[in-house]
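Working notes for the structure below.
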Amino acid sequence: MAIKVTMPRLSDTMTEGTVATWLKKVGDKVSEGDILAEIETDKATMEFESFNEGTLLHIGIQAGETAPVDSLLAIIGKEGEDISALLAGGDAPAAEAPKADAPAAEAKTETAAPAKAAELPKGVVVVTMPRLSDTMTEGTVATWLKKVGDTVAEGDILAEIETDKATMEFESFNAGTLLYIGIQEGNTAPVDSLLAIIGPAGTDISGIAENYTAGGAATASAPAAEEKAEAAAEKAPEAAAETSNGGRILASPLAKKIASDKGIQLSQVKGSGENGRIVKSDIENFTPSAQAQTAASAPAAKQEASAPAAPKVFVPAGEVYTEEIKNSQMRKIIAKRLSESLFTAPHYNLVIEVSMDEAMQARAAINSVPDTKVSFNDMVIKACALALKKHPKINSTWKEDAIIINHHVNIGVAVAVEDGLVVPVLKFTDAMSLSQIGGSVRDLAGRAKNKKLGPQEMEGSTFTVSNLGMFGITEFNSIINQPNSAILSVGAIVEKPVVKNGQIVVGNTMMLSLACDHRTIDGATGAQFLQTLKQYIESPVTMLA
C-alpha cells in the first residue's frame, strides 16, 4: 500500500521547508534509510532519510520549492500502484493543482521542475541556480570550474556562486558531460533559473533551453550559450584557474589567496582534494625545495616587471567623468536590509565614555601567557555577553504581536570585506572564554574576507558589535542589524587628560555608542545596560565574578 511522506519538522522553530535537492527521482527504488532529499530548514540544510521502502511514485514538492511542515512531500509504494486516491485526498500542496496530468508531472527530474520529462533526452539533467542560503533569491556565478564539453563526475565542483552572504562552491549531484551553460561568469539570475545542462556526450539538447523559463524570463538558446561559454573559456582561461603546461590547476579560492600571499606557485603544489583539487591545507603544509624556489623567483620577477600595476584612469581637466560599478549581491542586500532597519525601527543612540587603563593592564597580563592573544575588541564582546545576561531586554527581537526575549547570547561581529560588510556570529558567547572569543573572531574574520563563511555562520545573532577603533574613529553610530534590537559601536582608545580624585592626569578612554530600537528598548533600559558594560570593561576582573 502506498504511503504518504510529508514535509518533516527538522528543527524546533521550523514551520516550512525548502527542498534543496532530490536524490531520488520518480521510478527509483527506495530502501529504508536511503536519503530521499536534502531539505533546507530555517537553520541548516539537512539530509532526509526514508523510513519506508518501495518505489518513489510521486514527488509533491519540486527542488527549489518551499512548503509548510506536513505538506505532501512524496508518495512511496509498489511499482505501478494507483495513487490517484491519495493525490485527490487534499493533502497535496497547492503547487500541484496546475499540473495537467499526473504521469507527466511524475516524470520530471529533481532538478528540472519547469521542463517536461518528455522534452528531455534520456540521461539529460537540467541543473538550476541553487538556493544556498535562507535569504537567497538570486545568485551570481563568480567562476565556472567546468566548461562546455568537460566530463563531470558526481561531487565535482561545477562553479563558485556568489549569494547575498558568501561565495560558495556548488557541487554536481550528477555525472555526465557539461552540455550547456545557462548563466555566464559575472551574470546574476534568480534561484531556479537554468544554470547548466548535463548529459551523455553528443546528446542533442536543442530546444531545452528555449523552452525553459524561470520567473517568466526565457533562457538564452543552447547553441548561443555554448558558443559564448567556449569563447569565454578560450579568451580568459586564467580567470577560472592557473595553467601549467597547457593543463588547468584546480584550486579553491582560499587556497589561491593564501598561495598568492605566500608567493607559492600552484603548479608546485600537489592537491589532496577531489580530482587533485588544491585546498587550504595543501598550501599551509607546502614546503618548496631550494631548486623550486630559485626556479620560481626568476619567472616571478620577470612577470612582475612585464605586468606593471594598472594605470589610473586619465580624467582631462574640466571634463565631467563618471564610472559605473555594478552592484554585487552583497551590496544589494546591505542596501535593502539597512534601509528597512533605519526606516522601520525608531533608532536612538546612547553614548558613554569608558576608562581603559585597567583593561590595558589586564590585556597585557593575559597576552603575556604563551600562545595567547586577546584584543580589546574581544574584551568588549565578552563584557557585552555578560551584560546581556543581566539585561535580557536588550537581547530581544520585535514582532508585531510580541517581543521575543532571547535568553541565549549570540553576538554578531561586523567585519568589513571588499564588497561591503558581513556579520559572522559567535554562538553562546557568554559561555566562551576571552581566548576562545579571540580565536573564533580571527577565524571568522579571516574566512569572511576570503568569502568562505557558510550561511549558518552568519545566522542567529541576538546582538551586534561594530568596531572602527582600528581606523582611528573615536565615535560613531551604527544602524541596527535586524532582527536584533541593538548594536554597539566601539571607538578608538584615546590618550587624553582626565580628572581622577580631583587631579588632572593622563588617562586612556574609549567611547561606546549603543543604537537601540525604541519599540523594544526604553532609554532607561539601554542606559542601565551601558552602566553594567562600563563596569565590566573598566574592571575586567569583575567578569570573573
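The structure presented is a predicted model; accordingly, all values stated were derived computationally and were not measured.
Of the possible donor and acceptor atoms, one in the side chain of Y348 sits under 3.5 Å from a partner among the backbone N and O of D522. Side-chain atoms of E40 do not come within 3.5 Å of backbone N or O of V19 as any donor-acceptor pair. Panel note: side chain R131, backbone T137; no donor-acceptor pair is recorded below 3.5 Å. Under the 3.5 Å distance criterion, the side-chain polar atoms of N450 are left unmatched by any main-chain donor or acceptor of R447. At distances below 3.5 Å, at least one donor-acceptor pair connects side-chain atoms of Q436 with backbone N or O atoms of S433. A donor-acceptor pair under 3.5 Å links the side-chain atoms of S172 to the main chain of N174, judged by distance alone. With hydrogens and angles ignored, the 3.5 Å screen pairs no side-chain donor or acceptor of S440 with any backbone N or O of I437.
Applying the side-chain hydrogen bond (donor to acceptor under 3.5 Å, both in side chains) test to every pair with at least one member in residues 460-471, sequence neighbours left out, gives these pairs: N377-N467, N395-T462, S461-N484, T464-N481, T464-N484.
Just one residue in the list T55, V5, L36 forms a side chain to side chain contact (heavy atoms under 4.5 Å, CB included) with V30, and that residue is L36.
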request  = Applying salt bridge (Lys or Arg N to Asp or Glu O under 4.0 Å), run through D378 and K382 and close with a yes or a no.
outcome  = CA-CA 6 Å; D378 302 333; K382 178 64 175 179; over 6 Å; no

request  = Run the numbers on F376 and R363 for side-chain contact (heavy atoms from CB on, under 4.5 Å), then give the verdict.
outcome  = CA-CA 7 Å; F376 291 113; R363 177 175 178 262; 3.6 Å; yes

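The local environment of NZ in K427 is crowded, with over 12 non-hydrogen atoms from other residues, nucleotides or ligands closer than 6.0 Å. Environment of NZ in K393: sparse, with no more than 12 heavy atoms of neighbouring residues, nucleotides or ligands closer than 6.0 Å.
Between M432 and D430, the closest side-chain pair of non-hydrogen atoms is not below 4.5 Å. Here the side chains of T128 and L194 are not in contact, with every heavy-atom distance at 4.5 Å or above. Between T525 and H391, the closest side-chain pair of non-hydrogen atoms is not below 4.5 Å. In this structure, V494 and N508 have side chains that are not in contact, with every pair of non-hydrogen atoms separated by 4.5 Å or more. For the pair L512/L488, a side-chain contact is recorded, criterion being any heavy-atom separation below 4.5 Å from C-beta on. Between S341 and H347, the closest side-chain pair of non-hydrogen atoms falls below 4.5 Å. The shortest side-chain heavy-atom distance between S71 and I61 falls under the 4.5 Å cut-off. The side-chain heavy atoms of E185 and T143, taken from C-beta on, include a pair separated by under 4.5 Å.
The shortest non-hydrogen separation linking M379 to A359 is CE-O, 3.7 Å. The two residues P130 and I161 have their closest heavy-atom pair at CD-CD1, 3.7 Å. For L421 against I334, the heavy-atom pair with the smallest separation is N-CD1, 3.3 Å. Summarising the geometry of I59 relative to K24, their closest heavy-atom pair is CD1-O, 4.0 Å, with the distance given to 0.1 Å. Among all heavy-atom pairs drawn from E65 and G60, the shortest one is OE1-O, 4.5 Å. Minimum heavy-atom separation, T18 to T66: OG1-OG1, 2.6 Å.
Atom CD1 of I75 sits about 11.5 Å away from atom OG1 of T6, to the nearest 0.5 Å. Atom CD1 of I487 and atom CD1 of I479 lie 9.0 Å apart (nearest 0.5 Å). A distance of 11.5 Å separates CD1 in I405 from NE2 in H408, rounded to the nearest 0.5 Å. One distance of note links CG of D70 with NZ of K4; it measures 11.5 Å at 0.5 Å rounding. The CE atom of M356 sits 11.5 Å away from atom CD of Q361, with the distance rounded to the nearest 0.5 Å. Rounding to the nearest 0.5 Å gives a distance of 10.5 Å between OG1 of T429 and NZ of K389.
Contact check on K534 versus E353 returns no salt bridge, with no Lys/Arg side-chain nitrogen under 4.0 Å from an Asp/Glu carboxylate oxygen. Using a cutoff of 4.0 Å between basic side-chain nitrogens and carboxylate oxygens, D517 and R519 are scored as salt-bridged.
Counted by atom type alone, S396 and S485 present one or more donor-acceptor pairs between their side chains at under 3.5 Å. A donor atom on one side chain and an acceptor atom on the other are found under 3.5 Å apart for S513 and N477. For the residue pair T509/S355, the side-chain donor-acceptor check at 3.5 Å is not satisfied.
Ring centers of F463 and F529: under 6.0 Å apart, within the cut-off.
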